[in-house]
Amino acid sequence: MPSIIQFQAFSGVNEFTPFAFLLEIDGFCILLDCGWDEQFNLQYIEELSKIVPRIDCVLLSHPDIYHVGALPYLVGRMGLDCPIYATSPVYKMGQMFMYDLYQVRCRVAAALWSYSKR
């Protein structure tokens with residue numbers, strides 16, 4: 001019996017946008033990357049939020065925001081609960097990158113807040 005394979009691109013095609021693709025093989029859904037942009041534009045999340053209940057696993061290819069940026073949001077806010085696969089370097093560097101991005105955002109927000117009180 002032949003397999004049924006479907007591939008859907010959510011972003012990351014034709015222009016430089018965050019990468020997110022859904023690969024479905026015989027009903028098993030693999031989210032290939034789940035990137036976000038530096039502005040944390042919710043437009044990218046809206047499309048992904050529709051398929052979160054269908055995702056069986058996530059496969060991450062690179063450790064930058066354009067490949068893993070939406071993962072914390074999908075897990076924490078959208079209820080994504082499935083295995084997440086990545087190489088050890090992608091896992092460790094992605095974790096450091098996301099933490100660093102969070103720290104920078106917090107510092108910038110604090111600086112803007114203190115500046116606005118002057």
Side-chain angles (χ1 to χ4, degrees):
M1 185 169 130
S3 293
I4 297 173
I5 300 173
Q6 294 180 341
F7 184 81
Q8 182 178 1
F10 289 95
S11 61
V13 181
N14 296 333
E15 55 191 52
F16 192 70
T17 58
F19 296 92
F21 308 99
L22 184 68
L23 176 63
E24 186 173 351
I25 304 170
D26 292 333
F28 188 85
C29 295
I30 305 167
L31 181 61
L32 304 171
D33 291 327
C34 49
W36 215 348
D37 62 356
E38 290 95 357
Q39 290 76 35
F40 298 104
N41 186 342
L42 286 175
Q43 169 192 350
Y44 299 112
I45 300 299
E46 288 173 9
E47 289 297 315
L48 289 177
S49 68
K50 297 174 187 173
I51 61 156
V52 165
R54 295 180 41 215
I55 298 172
D56 294 304
C57 73
V58 177
L59 179 61
L60 303 173
S61 65
H62 293 79
D64 59 33
I65 191 171
Y66 283 96
H67 293 84
V68 303
L71 185 61
Y73 190 86
L74 292 176
V75 171
R77 297 278 176 98
M78 295 289 169
L80 180 65
D81 184 24
C82 65
I84 300 167
Y85 298 99
T87 62
S88 184
V90 168
Y91 169 75
K92 290 178 182 177
M93 289 171 46
Q95 195 175 31
M96 289 186 328
F97 182 81
M98 294 305 294
Y99 179 77
D100 185 54
L101 181 63
Y102 174 77
Q103 292 295 318
V104 167
R105 291 283 178 172
C106 287
R107 279 188 239 129
V108 167
L112 289 174
W113 183 78
S114 66
Y115 181 76
S116 67
K117 294 189 89 174
R118 292 182 188 178

Under the 3.5 angstrom rule, does the side chain of [X] hit a backbone N or O of [Y] as a donor-acceptor pair?
{"X": "N41", "Y": "Q43", "value": "yes"}
{"X": "T17", "Y": "G12", "value": "yes"}
{"X": "S11", "Y": "P18", "value": "yes"}

Pairs touching residues 49-78 that satisfy salt bridge (charged side-chain N to carboxylate O under 4.0 Å, His left out), sequence neighbours left out: E24-R54, E47-K50
Are Y66 and E38 close enough that a side-chain donor and a side-chain acceptor fall under 3.5 Å? yes
Is [Y] close to [X] at the side-chain level, that is, under 4.5 Å between some pair of heavy atoms?
{"X": "L74", "Y": "V58", "value": "no"}
{"X": "L22", "Y": "L32", "value": "no"}
{"X": "L60", "Y": "T87", "value": "no"}
{"X": "V68", "Y": "Q95", "value": "no"}
{"X": "L101", "Y": "W36", "value": "no"}

When the ring centroid of F21 is compared with that of F10, is the distance short of 6.0 Å? no
Angle class for the H67/F19 ring planes (parallel below 30°, perpendicular above 60°, tilted otherwise)? parallel
